[in-house]
Amino acid sequence: MIGYTISRLLQAIPILILVSLMAFGIIYLIPGDAATVIGGPSATAEDLAQIRANLGLDQPLYMQIVTFYTNLFQGDLGRSLMLGIPVTEAIIQRSPITIGVAIYSLVITIVLGLVTGIIAALNHNRWIDQAATIFALIGVSLPNFWLALVLIVLFSVQLGWLPTGGYIPFTTDPWGWLRTTTLPALSLALLQAGLLTRITRSTMLEVLSQDYIRTARAKGLSEWVVVGKHALANVMMPVVTVLGLILSVLLSGSIVIESIFGVPGIGALLGNAISSRDYPMIQGGLLFVTAALLLLNIVVDVLYTWLDPRIRVGGGK
Amino acid sequence: MTDIVATAPPRFARTRATLRRMFANRSFMLGAILFGFICLATLFGPMLIPTDPNALSIRNRFQPPSLTFLLGTDNLGRDMLARVLYGARLSLAIGLAVILLNALFGVLLGALAGYYRRLDNILMRIADALMAFPAVLLAIGIAAALGPSAMTAVIALSVVYIPRTARVVRASILVVRELDYVQAARAAGATDLRILWKHILPNCMAPLIVQLSFVFAYAILSEAVLSFLGLGAPPTVPSWGVLISEGRTYMREATWLTLVPGIAIAITVLGLNLLGDGLRDVLDPRMKVEQG
């Protein structure tokens, strides 16, 4: 188990190096002179020189790479052009907000996806099953920012139940936090729940057809115990497998969703950075989110081996 | 005992059997109908409804859907039906360009990685790194650097999805290359190129086609996100993402401006997803791909 964790962490290192190199390289995709693009049409020669010096663009390429990695190992991702503060500081300030919404959204996803998937499987080929399948398919086919707009029209404009946007920190007012984060969390969750429903349903159908379930039923156990205790344990496994994927979509979705609802998390930070051409922020944000996801995926994989004894015994691969 | 002669049935009969199974597959048929409807509307719609999508008519601004304006009009009195039909051209063209590039480079890189083991390590590590980024996030990052244009969207989305397609191709090549008939071809002295092109690739088509139908769906969704963020097509060309982003300003008084293009995206993507599911069931039942 510990050996497996260490080997997974070691495997992540080359990927992290490549990922950081790619994030670094993004600035070289800017067509023409990066400083001119960043400075805009009104920039003077001094402004441009200043931008070049700030970004290290006046250095030879190998020096830029050396500086980039030296700074990276010290946790320094450069300075945001727009906010004037270090990128790391901005990310640290904003992450708790995104993490909060992501966890809320994840809970909705798992509850909704599991419940719908299980109900669908238990009513195989009946209308509930068909309805759940259609819900799941539509779920994975909608653009999430469009869903967010529809939810605003429905719950904020028409019904007036929830605010159209804004954010209240959990520590100041938990109820206010819940009111401001419900729509963002829901817009992120509904689509993911569709994916989870599909997976839960197909796994549940597979599990229910197995011998040990028949044995449990033959022993005269109630359907609740059979499904809730015997089947559910095995249905949880695929949920853990797609957790990494779900988190990845949640985090990338947060750019648009946080911007729409005015939630000041990392997503909105990146969204603003994109519209104001704040490249150090874009690079840093991209790198941070990807590194965080890599780590989360390792945690998920380790969790998986811990939950599934068959893998654990098999040497953890 | 008679010898069992293992010859493949003639190609024609196999194709016909596959087609029959496709038509019997509910998911495939529904997907084909939905996606076919969108394709026909995109191709012929602008001919049937010759309204100029950019014709201004201040007198007719914010008309809700009615018999005169089937899908209503926007803040400048432009006909939404015409705009959605024209927008479809751009959204579908970007999706099409992305899957063509995916087919080309996915097969090329997948074949190199799957067939030449030495290249495999390097190519797949690069693919791993590219796939470590969340798909939409990487596309946004690349598009933010390249500057907004339809071309940018195509490049960004291709960079994001080609590694995924290459992996699918590689995985099936790894299986097929070990089969006896490939060994036989090699023993007969066929060149690498001939073995790959004539013997291996035709048998890797099924997973590739399934993958491409899903990539098409993702490309349409991601293009909408890019356009919505102002990183895709310029606002003068109404792609579906641009239309949603424009409609957002008038969401309270003219809901249809946001609803209509979103529903168009949903029908297209739903159609492609159903199509992909059906194709997977028919062509390649063992394959299970989910990606983000």
Side-chain angles (χ1 to χ4, degrees), chain A residues 12 14-19 21-23 26-31 34 37 137-138 140-147 149-150 152-153 157-158 195 198-199 202 242 244-253 255-256 259-260 270-271 273-275 277 279 282-283 285-286 289-291 293-294 297, chain B residues 27 30-31 125-126 128-147 152 155-156 159 217 220-225 228-231 240-241 244-245 247-248 251-253 255 258-259 261-263 265-274 277 288 290-292:
Chain A
I15 298 182
L16 261 179
I17 292 175
L18 272 174
V19 160
L21 205 58
M22 286 171 185
I26 273 196
I27 206 153
Y28 290 93
L29 292 178
I30 303 175
V37 173
L137 252 172
I138 292 178
V140 291
S141 305
L142 292 178
N144 58 5
F145 63 94
W146 179 75
L147 184 70
L149 296 176
V150 172
I152 291 180
V153 169
V157 180
Q158 300 288 334
L195 172 71
R198 287 171 66 141
I199 292 165
S202 59
V242 288
L245 177 66
I246 289 179
L247 281 169
S248 155
V249 181
L250 276 185
L251 284 176
S252 42
I255 293 194
V256 191
S259 304
I260 288 178
L270 269 173
I274 288 161
S275 47
R277 296 180 171 279
Y279 288 101
I282 297 177
Q283 287 175 311
L286 201 59
V289 172
T290 309
L293 273 172
L294 267 172
N297 269 312
Chain B
S27 174
L30 188 59
R125 289 299 80 73
I126 297 175
D128 281 344
L130 280 170
M131 285 164 68
F133 290 100
V136 177
L137 204 59
L138 181 59
I140 289 173
I142 295 171
L146 289 175
T152 294
I155 296 173
V159 172
I220 300 263
L221 278 179
S222 317
E223 187 276 329
V225 175
F228 186 75
L229 287 171
L231 292 171
W240 287 336
I244 296 180
S245 154
R248 188 189 162 192
M251 219 163 59
R252 283 160 196 272
E253 52 273 46
T255 325
T258 315
L259 283 181
I263 293 171
I265 294 177
I267 294 176
T268 315
V269 176
L270 184 64
L272 282 165
N273 276 335
L274 284 167
D277 277 356
K288 274 185 188 164
E290 301 280 357
Q291 55 177 206

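Only the side chain of B/Phe228 comes within less than 4.5 Å of a heavy atom in chain A; its backbone stays farther off. With a 4.5 Å cut-off on non-hydrogen atoms, B/Ile126 touches chain A through its backbone and its side chain both. Interface remark: A/Leu294 contributes side-chain atoms only to the contact with chain B (heavy atom separation under 4.5 Å). Neither the backbone nor the side chain of B/Ala217 comes within contact range of chain A, judged by heavy atoms closer than 4.5 Å. Using a 4.5 Å cut-off between heavy atoms, A/Ser259 touches chain B through its backbone atoms (N, CA, C, O) alone. For chain B, the nearby parts of A/Pro143 are the backbone and the side chain; heavy atoms of each come within less than 4.5 Å. With a threshold of 4.5 angstrom between heavy atoms, A/Leu142 approaches chain B through its backbone and through its side chain. Of the two parts of B/Leu229, only the side chain, counted from C-beta on, holds a non-hydrogen atom closer than 4.5 Å to a non-hydrogen atom of chain A. Residue B/Ile267: no heavy atom, backbone or side chain, is found under 4.5 Å from chain A. With a threshold of 4.5 angstrom between heavy atoms, A/Val19 approaches chain B through its backbone and through its side chain. Contact of A/Ile152 with chain B is made through the side chain alone, with heavy-atom distances under 4.5 Å. Of the atoms belonging to B/Leu272, not a single heavy atom falls under 4.5 Å from chain A.
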Discussion item. Pair B/Ser27, B/Asp277 - check side chain to side chain donor-acceptor pair (under 3.5 Å), show working.
Written reply: CA-CA 7 Å; B/Ser27 174; B/Asp277 277 356; 4.7 Å; no
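How far CG of B/Leu137 is from CG of A/Leu293: 8.5 Å, rounded to the nearest 0.5 Å. Note: B/Leu138 CG to A/Thr290 OG1 = 7.5 Å, rounded to the nearest 0.5 Å. Interatomic distance, OH of A/Tyr279 versus CG of A/Leu286, reported as 13.0 Å (0.5 Å rounding). Taking CD1 of A/Ile255 as the reference point, atom CD1 of A/Ile274 lies at 4.5 Å (rounded to 0.5 Å). Atom CG in B/Leu231 sits 11.0 Å away from atom CD in B/Glu223 (nearest 0.5 Å). Taking CG from B/Leu221 and CG from A/Asn144, the interatomic distance works out to 8.5 Å, rounded to the nearest 0.5 Å.
In terms of heavy-atom pairs under 4.5 angstrom with chain B, the leader among A/Ile246, A/Val140, A/Leu137 is A/Leu137. Per-residue heavy-atom pair counts under 4.5 Å with chain B were compared for A/Leu21, A/Ile282, A/Ile26, and the maximum is reached by A/Ile26. For the set B/Thr268, B/Leu259, B/Ile265, the entry with the most heavy-atom pairs within less than 4.5 Å of chain A is B/Leu259. Residue with the most contacts toward chain B among A/Ile260, A/Leu247, A/Val289: A/Ile260 (heavy-atom pairs, distance under 4.5 Å).
Residues A/Met22 and B/Phe133 have side chains in contact (heavy-atom distance under 4.5 Å, counting atoms from C-beta outward). Side-chain contact between B/Val269 and B/Asn273 is present, with heavy atoms from C-beta onward closer than 4.5 Å.
Residues B/Ala156 and B/Ala139 share a closest heavy-atom pair of CB-O, 3.5 Å.
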